[in-house]
Amino acid sequence: MIFRNNNNWLKYRVKAHIKQHHKDLFDSTFVSELKKIRGFITSKERWWLVLLIVFSVFGLSSLLKNVETLNIITLNVETAKTLVDQRTANIATIFSITLVVIGFLITNLAVKSPITFKLLFKNSYLYFTIYLVLSTISGFIIISTLRDTKFQYFDFARAVLAGTYLFFLILFLIGFLFRTLMRFTNEREIMKMLHSELMNEAIINMKKILLKKYSNQYFIEEITTAGGKEYDFSAWSEVDVREFTHFVIEEGIEETPKKKKIVEDIKLSRLKKFVLKKGAKGTVYYRRLSLNFLTIETNNYIWLKGEPNSRWDKFLLRSCLILKTSPKFEKDYNEYRKYFDGKITEMAAESKFRNIEMYLESYKELYKFQMQNQNESK
Amino acid sequence: MNLNDDLDVTEGIDRVIWKAINDSIENKSLETFLELANFAKTIVVESAQSESIRHFKKYIAFPSYYYSISYSKAKVNPLLMELHNRCSKEAVFQQKDFITSINWNRNRKKGLDNVRRLNEFFYWAFNAFGQLLYLMVRNGDSLQFKNAMDQFDQIERGYNRYYDLRFEIKQLERENKNGEKNEIIKAKSEEYKILKMFDDYHRHLILGVRYWILFLYRIKKIKENIASTMLERLKPIGDYEDILQDIFFVRGNFNNYMGWAEWDFMDRPLGKSWTPPDVRDWFTFGFMVDQIRENPMYINEQNLSLEELSKLSSLHDDMLSYGEFFETNFEAWKKFLNVESRKELKLRVGKVLKVYERAKRKRITKIDFLIANKELSHQKINKFIRITGNSWRNQARIHSLFLKMGVIETIVSSSQKLRLIGRNLFLKKGRMMFIDGEHYQNIYGTDQYGAEVGRWEDDEFFNSILRAEHAIVEGANAIEVIEMSINFLKGNGVIPSVIILSSEFSYRDMEFLNSDKFVPKKMETQMGESIWKSFLGTFDGITVYSSHSVLLKNKFVICDFKAAFKMRQRKNDTWFENELRIDIKEITEEEAETQYNSDKLKWLTSDEGENLSKEEALALLRTSVLIDIWSVIDFQVLNKDAYVIGVLKHQNDLKNE
């Protein structure tokens with residue numbers, strides 16, 4: 001991936017172009033990196049990561065005993081022995097109360113639908129909090145069992161102290177959880193969140209659209225300046241009979257049908273050289289390509305009129321593409337759009353004109369966003 | 001996803017809104033409807049401001065949609081009538097607002113490029129308004145139609161934007177004596193066209209709906225009183241130049257301009273193919289009605305281009321049939337045509353048609369002028385020479401025979417006079433055969449000129465030898481005559497080498513063809529030579545040739561060719577294959593003048609019997625060409641004993657004797 005970060009490659013060029021011309025689609029680097037990390041850690045699949053972090057905090061607490069700056073609090077082994085049970089009990093109590101309250105609040109959500117639950121869990125870091133609590137409890141249970149055991153590199157008091165710090169973090173997260181939950185009892189607040197999700201989704205989709213659009217334009221521009229001609233129906237009429245039979249023969253020895261692949265990147269510089277070289281002999285035809293384009297034509301998309309590509313040519317053409325297989329399960333990037341569509345239809349059918357207004361407002365924003373970003377050509 | 005898809009994150013929202021509007025009307029929920037309609041309106045305004053034609057086009061048609069569905073729902077459920085009224089009102093308001101809001105945009109953003117871009121939005125906005133009016137007409141909804149027109153009349157026209165420019169252009173055209181201002185006139189005209197577009201759309205909308213109503217009345221799909229009240233409101237504003245341009249534009253436009261091509265007067269059954277009424281037809285029909293109703297427009301043919309004149313003359317042909325239609329349906333149409341009596345109608349129709357007839361004639365003379373002044377094309381001339389020469393070569397059979405026999409004497413000295421065989425032709429309108437471009441046209445039959453000369457040469461040959469003193473042998477049939485002739489010659493010590501007979505023997509006289517002595521030509525020999533066509537075969541070992549000449553009818557020439565005849569010929573390097581002179585000369589202005597003066601009366605009348613001006617007559621003269629095709633030869637009899645003429649006596653002749 002890193003070796004493709006230069007102008008020889010289409011994706012790099014297009015991305016630079018988008019960044020330059022559609023600034024509003026991008027957060028600052030810091031914010032976007034932060035969001036990325038947060039999203040990664042708080043995702044519901046990352047229980048192992050939380051567990052790892054918690055255990056390493058426990059582990060590191062003993063290992064870093066000699067770093068004097070960290071030794072602000074002194075804890076006796078005896079005190080620690082009594083503390084450890086209390087802490088475990090504390091967390092368990094708070095956690096059980098929290099779960100009850102969450103349950104209660106969820107039943108009183110203003111808008112109850114799978115998508116709001118999803119949004120709630122995501123925004124309140126619920127998964128992360130639960131994983132953290134459970135990991136910490138298990139950590140406490142382990143160290144409390146080990147209170148009479150002596151290990152090298154294991155300091156019992158330090159581990160309890162570390163657990164206490166984690167406990168503070170848990171308290172903070174529970175507080176955040178409640179605060180977020182409260183917002184979900186207000187419909188307007190939910191609407192705001194749904195709206196921002198809708199717009200986020202639109203930004204992701206817009207980036208994809210632009211990637212495809214500009215990559216197509218760049219591809220055509222590069223190949224045409226090198227002298228290539230797009231192969232279309234008008235080119236058909238120029239094909240003479242001799243050439244046509246040639247093509248038929250070519251088709252005959254084609255291998256078995258290939259699986260469709262997605263174009264991940266294109267090495268434009270090499271393609272350009274290829275076209276220039278071929279162009280010296282006659283008309284060069286090409287078929288359109290763009291990034292994220294699903295195709296089976298991976299080694300024969302440029303050819304000299306009347307002359308089928310040789311094995312070497314095909315190899316060269318294939319080597320200009322980075323391909324990936326199309327994923328079996330693709331993430332739905334229209335989830336919120338579909339939700340909004342459904343809501344509007346539903347409310348119109350039920351004549352809820354007051355609610356429909358809020359959704360329509362979001363759509364107006366969406367249209368504005370689209371219009372701002374669609375300046376017709378490069 | 002296809003590469004060519006216009007991708008958009010709002011894709012499909014319009015359909016959701018569309019469906020929601022439908023549901024809200026169904027549920028009689030006015031508030032929901034207004035909320036949704038307002039949304040559609042915001043998108044239209046927003047897209048006009050952001051100049052996103054894609055979204056504009058998607059939403060601009062919404063008002064006619066509300067109108068249409070609420071109407072059809074109210075028709076089956078009277079409870080929805082009130083909502084329908086509200087929907088119609090909203091639709092009309094919105095349609096007008098769209099146009100005024102783009103207008104506002106237009107005033108805000110200056111510059112011709114902006115106007116040009118906005119014109120596209122205006123087009124779709126007027127298109128949509130027209131669609132709404134069309135639906136109202138179709139539903140016979142004169143109440144809503146009136147409301148719609150009330151709103152439409154509030155749209156301000158943009159006359160002041162280009163009014164001065166128009167006079168500026170006219171002024172420039174007057175000053176443009178030698179084409180020095182062509183550039184600026186072109187630029188200004190382009191600007192004028194762009195600035196005027198708004199008013200053009202405005203007028204087209206009115207004309208379209210107006211002529212559509214007249215068409216519906218013609219096919220009896222609308223009642224007279226409804227049609228009449230609706231037409232009252234549709235008064236196009238524009239001068240004759242505009243209207244003329246409109247009719248040209250519509251008749252020449254095969255795209256679905258303003259959606260007119262889809263206008264229809266009934267719901268068509270699904271799954272069957274049909275064609276909606278032809279726009280050219282109903283638009284021209286409506287135009288004719290207005291022409292009869294008002295005074296026919298004044299057309300200054302002098303200012304019109306040839307293309308426009310062509311359009312006018314095709315318009316005339318269509319209008320002729322409508323004139324007849326009004327005469328047969330006088331009673332139904334007298335009100336709309338504003339005529340009292342049949343006599344008056346006839347008079348008015350005649351007056352209207354006359355304008356177009358004049359244009360039609362003007363077109364013809366204008367083309368004549370163009371042809372007369374167009375340079376002759378060398379390519380076309382050379383082509384003519386080639387065709388004429390080849391057809392001469394094919395038919396000059398005796399000439400070919402002389403070539404084969406090699407008894408030709410080329411005469412260089414000018415003191416020796418030969419015969420000129422050929423023609424000098426004043427070919428009327430012939431110039432069009434020798435020019436390039438759209439007015440080039442071939443004249444049927446001109447390719448035969450060469451062949452004629454070839455045959456005349458044959459005639460001349462037979463004439464020469466028949467005139468000379470010669471022996472004659474008579475017989476009852478071809479074989480008998482030929483055999484007798486051969487014997488006769490052989491008796492005189494001459495060995496015959498050639499028999500020439502009429503070409504009809506090559507297919508008619510079966511007795512001759514089936515004779516044992518006659519051996520027909522074999523395909524492989526001599527193929528490709530020009531003599532091949534006239535060579536028939538051999539008779540008794542003597543070669544037999546045929547000729548088309550009528551002088552050879554019932555006659556045979558049996559001869560020792562080389563001993564008997566000689567051809568003398570003048571040659572020239574510039575002629576066709578050095579042998580045939582073919583010249584094409586244009587009629588110069590002086591020559592035309594002379595011709596004209598020699599017979600003024602003849603030239604001042606066209607072929608169609610119309611009177612021409614002197615200028616036109618001269619132009620017409622100059623569309624002719626002079627064509628010369630000459631072969632300079634003569635035939636001599638060297639030895640009159642070396643040939644004999646066999647004559648076939650018919651049964652009748654034998655009886656008479």
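Below, chains carry the letters A, B, ... as their sequence lines are ordered, and counting in each starts from 1.
For CZ of B/Arg86, the number of neighbouring non-hydrogen atoms (other residues, nucleotides, ligands) closer than 6.0 Å is 12 at most. The number of heavy atoms from other shown groups lying within 6.0 Å of NZ (B/Lys380) is above 12. Within 6.0 Å of the CD atom in B/Glu156, the count of heavy atoms belonging to other residues, nucleotides or ligands does not exceed 12. Dense packing is recorded around CD of B/Gln154, with more than 12 heavy atoms of other residues, nucleotides or ligands lying under 6.0 Å away. Atom NZ of A/Lys207 is surrounded by more than 12 heavy atoms from other residues, nucleotides or ligands within 6.0 Å. Within 6.0 Å of NZ on A/Lys192 lie no more than 12 heavy atoms contributed by other residues, nucleotides or ligands. Counted within 6.0 Å of NZ on A/Lys267, heavy atoms from surrounding residues, nucleotides or ligands total more than 12; the atom is thus considered enclosed. For CZ of B/Phe93, the number of neighbouring non-hydrogen atoms (other residues, nucleotides, ligands) closer than 6.0 Å is 12 at most.
A distance-only check finds a donor-acceptor pair linking the side chain of A/Arg337 to the backbone of B/Glu11 [under 3.5 Å]. Of the possible polar contacts, none joining the B/Glu31 side chain to the A/Phe353 backbone as a donor-acceptor pair under 3.5 Å is found. B/Asp8 places no side-chain N or O within 3.5 Å of a backbone atom of A/Gln370 that could act as its donor or acceptor partner.
Neither the backbone nor the side chain of A/Phe340 comes within contact range of chain B; no heavy atom of the residue lies under 4.5 Å from a heavy atom of that chain. Contact annotation for B/Tyr59: only side-chain heavy atoms (C-beta onward) come within less than 4.5 Å of a heavy atom of chain A. With a 4.5 angstrom heavy-atom cutoff, B/Thr10 touches chain A via backbone and side-chain atoms both.
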Evaluate the criterion side chain to side chain contact (heavy atoms under 4.5 Å, CB included) for residue pair A/Gln372 and B/Ser50; output intermediate values, then yes/no. CA-CA 7 Å; A/Gln372 274 161 12; B/Ser50 318; over 6 Å; no
Taking it one step at a time, do A/Leu360 and B/Glu35 satisfy side chain to side chain contact (heavy atoms under 4.5 Å, CB included)? CA-CA 8 Å; A/Leu360 291 177; B/Glu35 207 59 70; 4.1 Å; yes
Tell me, with the steps shown, if A/Met371 and B/His55 meet side chain to side chain contact (heavy atoms under 4.5 Å, CB included). CA-CA 9 Å; A/Met371 288 174 204; B/His55 300 114; 3.7 Å; yes
I'd like to know whether A/Tyr359 forms a ring pair (Phe, Tyr, Trp, His ring centres under 6.0 Å) with B/Phe39, so could you lay out the CA-CA distance, the side-chain angles of the two residues, the decisive distance to 0.1 Å, and finally the verdict. CA-CA 10 Å; A/Tyr359 289 93; B/Phe39 172 77; over 10 Å; no
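Minimum heavy-atom separation, A/Tyr367 to B/Asp14: OH-N, 3.8 Å. Scanning both residues, B/Asn27 and A/Ala348, for their nearest heavy atoms gives ND2-O, 3.3 Å. Between B/Thr32 and A/Ser351 the shortest heavy-atom distance is OG1-CA, 3.6 Å. A/Ile356 and B/Leu36 make their closest contact through CD1-CD2, 4.1 Å (heavy atoms, listed as atom of the first residue, atom of the second, distance).
Note on A/Arg354, A/Met206, A/Lys368: by heavy-atom pairs under 4.5 Å with chain B, the leading option is A/Lys368.
A/Asp341 contributes atom CG, which lies 9.5 Å from atom CZ of B/Arg15 (distance to the nearest 0.5 angstrom).
The side chain to side chain contact (heavy atoms under 4.5 Å, CB included) test with B/Val9 is passed by exactly one of A/Asn205, A/Asn334, A/Leu198: A/Asn205.
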